[in-house]
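First comes the structure, then the notes that go with it.
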Amino acid sequence: MTQRPTADQRIQELESLLEQAERKSDILTNLLKEASAEFNQALDDVSRSEANFRAIIENAPEAIYMFDIDTRRILDCNPYTTQWLGYSRNELVTMGVEDIIAPASQGVDENIRKAMEDGIVRIQERQFRTRYGAIVDAEVTGTVIELHGKTCFVALVRDITERKKIESLQRYKELFKNVTDPVFICHSQGAFLEVNDVACERLQYSHAELLDMFFKDIFPPGAYGMLSRVGRKIRSGEAVQFESEAVTRTGERIPFEFHSRLIEFQRKPAILSVARDLSARKRMEETLIRTERLSAVGEMAAGVAHNFNNLLQMMLGAGEAALRKMDAGEIRKSREALKTLIEACQRGSDIVRRIKDFTLARSESIEAGSVFDLGELVDEAVQLTRPLWSNPVDPNKYTLNFTRPLGALVEGNPSEIYEVLVNTIKNALEAMPDGGRLSIMPIVENGRVSLSISDTGVGIAEENLQRLFQPFFTTKGLKSSGLGLSSSYGIIRKHRGEMTVDSRPGQGATFTISLPRAKAPMASDACALSDDPQPASGRIRFLVVDDEKNILKMLELYFEDSSIDVTTASNAQQGLQAIQNGPFDLVLCDYSMDDMNGLVFCEAARAQARAAGWPEMKCLLYTGLSQTIDPIEMKRRGIDGVVRKPIPCAKLQGIIRQAVAGEACQVSTNGRGGV
Amino acid sequence: MLNAATISAKGPFDHATGLRMGTELVRKLGQTPTALWLFCAPLPDMTALITGICDGAGCDRLIGCTTAGEITGEGLGVDSAVLAGLFSDHIEVEIISVEGLGADSTAAGMRLAESFSATPKYLQIFSDGLTGNGSAILRGIAAKLGDDVPICGGAAGDNGRFKRTHQFAGGKLFTDALCGVAFYGDVHFGTGVRSGWEPIGLAKRVTRARDNIVYELNGEPALDVFERFLGHHSDKLPAIGVEYPLGFSMLNPCTDKTESLILRATMAVDRRARGVVFAGDIPEGAMVYLTCGDINSILDAAETAAIDARRALNHSAPQIVFCFSCMARRIVLGRRTEDGIKRIRSQFGPSVPLIGFYSYGEYSPFKLGTPSFLHNETMALTAMGDGP
């Protein structure tokens, strides 16, 4: 079949091959052009893709950096990384990855190992350290890539500080909700922004009501100055702790210890206050202090007895002298003896009141206080503590160096200052178990009254000086509650005074009390009650009910020549019978009678008077007890006030007139004070 | 025992030529053949030729088709007829034909497959290369017989005139038909298919196509792309497309692996729709390359296909080799066409009869056990042997 090609066929074949080759050449050229165009297009695409990729990296709101796994050197990073960590890119590429990870971070090597095995790191939290040393929380993931012959780790890091804050805020919200103390968040100007349920419950306001109120609205008016000072401190960034009463919707006052500080709430500065209810603590402190006071009174009983014996001696002698002079017709001398007797009675009354006050709880305010002579108070304190420093068995154990201050008027609660003086003197004596010198020196100058009480005792260690006024701090072991000095310090601070201590071990201690000097009260400021009976503007029908017949007899005698028509009853039944028989302007009833107490009697008396058709009368309780009478109960029973025994008849006369006239002066209506 | 012989004759065709060919074949074979294969040029009186052959050989189990050139062990035949006879006492054959290929090639494939009495060990098909869709035929057959049956053969040609082709089966002449011969029994065979064309340039995605017409490549009209590739040679489309076919890789559904490159030669262009018609389906989404071959790579490919077939035959002694070669190879090889046949013979030896034709498409699996595909531009071989 196959034949050898002829020359023409051969030529034709070669021409055909040439044609094929040319065609192929043309087509390959065309394809090359096409490929070149496509390559350029692809290059453009890659460039565009690279530009897109670069744009993504450059503008990513997350840190992206790459480091060499072998050397841990950072190879590159995006701008966010530099902005986030505070380093420039040039700085970062000279650093190792350990330089930007927080020092306490663990598991970096392990993660890199896992990344090498799995090619990727699962998202995990890690802390990074910025140029400025700040530690920031972040979430890290990443992958391993090969780049220019190096095995590199590309890390993607997301700053989760904000998220952590939100989580923290959520935790805080949980805490806010579950905490057992009232919590308040206020605007820096005081408006409540948020309160927890406990706050609502304790203050007896609804959540919505509190959010319409200001922080100051839950405090008594006298606390505004303190709140302003506290507010300034908090706004300056200080965390402040302060004690104050808060007032509930019903007017109840609850003592709280507030811890306040500046926080950020809803992206704005705000004040967070956590209030710890001190009621229980206060009650415990009061109990402890009272126990200690009673204990002190017990220790001073001998001195009290001494004083009373002296007074009784005075009264006995004066009474006997008065009788003798009266029998002898020497009326003037008899009157003098009787005046001495009355004076002794008044001094005895003062001593009893001081001792009672010493054991009573204090008020938190000095607004209701009076101006008094500190010198007299020091005098009394020295006398009260006499048994402690004057021992007949060892009369030379203590030396007393006492200068009574003159013109040392101060304003406040004398009972509280008295307590401070007694406590300080007692402490000084206790610091000298082997005896020593007690010095009480006053200084009155520059509008202040200072009193230094020094001992020559064991002194106070330097490390204890700072803590001396802290509650429950004591160096006396179980013998002391540790509240005496802190309580004294609190009283003096409340009176706008200062209490300081200066001591060296083995060289005694000096406590200095400094108080603002007060001006003498104007005559009109005092409720002037003259001892002399004033002419009656009208007759007063006065019923006295008391089971102490001598008191009734004394009052009958005193008032028989006055404009007060006194009727007496020695028990409740007689009293009610008297009311049945005729109207009275005022009833004075002993609080503790055998057949009926004063409260019940007054209520019954008012009912009796109304039933008999008599006009409204005033009712006063008359008591020698020191206990507080519930003011609500008093109001409910129709009691207008309390008169404390003993009281001079002249003062009682004034009270009677004022009560009938509808004035409250000198008549306690809160069941605590009284005349 | 398997015995085979071939004989060829030049045209014109008549009954006497056929009778002489049949008689001579039986003489060479020494016995009446089990089946006959006839590939001939599309010349007049083919029916008389076929009748003569059947009469001469005493066998009407004849299958074959017209060609774009005939192949025997002696080389390329032009305007000739080549006849092969095969005798085996352990092989049975079944010849089936179905008509109406152009109406629905898939259905034709299914009808053919359904007509066989059993699942063949090996199947040869010859389809109308102008009216039939070879890919659809294979889908139809696979739908009934599965992917496992190796299908070889070729699409009938008409000497490059692209007018009309004929298929032969059971002594009858058909057009627009699909004929198949199924082998049963102890059949030993190996296949090999290679082209020698390699991808050039960058791949493009077929973005719009339907069956064997590609409308868009990378979203651009396919004809525009081809014209740009071919430059001033594009006026020779579609003929030049046989030199520069498109190649794409198919995914083997059995292995999920990409098979070797499948080539598609251009058959026509649709200038209105700017589409290009190929000699086989190109699926939408495929990544296609322009490919090119040269004489050496094409000759090398023929020899490699022979090596593959011989190896696949394992230890069986080859008794006959069927060659189904793309007409494009003949165009590209020109006078070197016969060198290709020589390279094949060099692998099987001069005594092994060789028969085949230049086709408008070749059927073959890339390797046994994998699905069969319609190829263009390839030399697809089946070597059939006796048992070891």
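Each chain gets a letter, A, B and so on, in the order the sequences are listed, and its residues count up from 1.
Side-chain contact between A/R23 and B/I240: present, with at least one pair of heavy atoms (C-beta onward) separated by less than 4.5 Å. When side chains are defined from C-beta on, B/L230 does not count as touching A/D26, because their heavy atoms never get closer than 4.5 Å. Annotation: side chain of B/R228 is not in contact with side chain of A/N30 (no heavy-atom distance under 4.5 Å). By the 4.5 Å heavy-atom criterion applied to side chains, A/L31 and B/L202 are not counted as neighbours.
Around atom CD1 of A/I123, no more than 12 heavy atoms belonging to other residues, nucleotides or ligands sit under 6.0 Å away. Counting heavy atoms of neighbouring residues, nucleotides and ligands inside a 6.0 Å radius, atom CZ of A/R131 exceeds 12 of them. By the neighbour-count criterion of 12 heavy atoms within 6.0 Å, atom NZ of A/K33 is sparsely surrounded, having that number or fewer from other residues, nucleotides or ligands. Within 6.0 Å of CZ in A/F153 there are more than 12 heavy atoms belonging to other residues, nucleotides or ligands. Within a 6.0 Å sphere centred on CD of A/Q12, heavy atoms belonging to other residues, nucleotides or ligands number 12 at most.
With a 4.5 angstrom heavy-atom cutoff, B/I331 touches chain A only via backbone atoms. Looking at A/L28, only its side chain comes within 4.5 Å of chain B, counting heavy atoms on both sides. The parts of B/V332 that come within reach of chain A are both its backbone and its side chain, each placing non-hydrogen atoms under 4.5 angstrom from that chain.
Between the side chain of A/K24 and the backbone N or O of B/G293 there is at least one donor-acceptor pair closer than 3.5 Å.
Considering every non-hydrogen atom in both A/E22 and B/H233, the closest pair reads O-NE2, 4.4 Å. Of all heavy-atom pairs between B/F229 and A/E34, the closest is CE2-CG, 3.6 Å.
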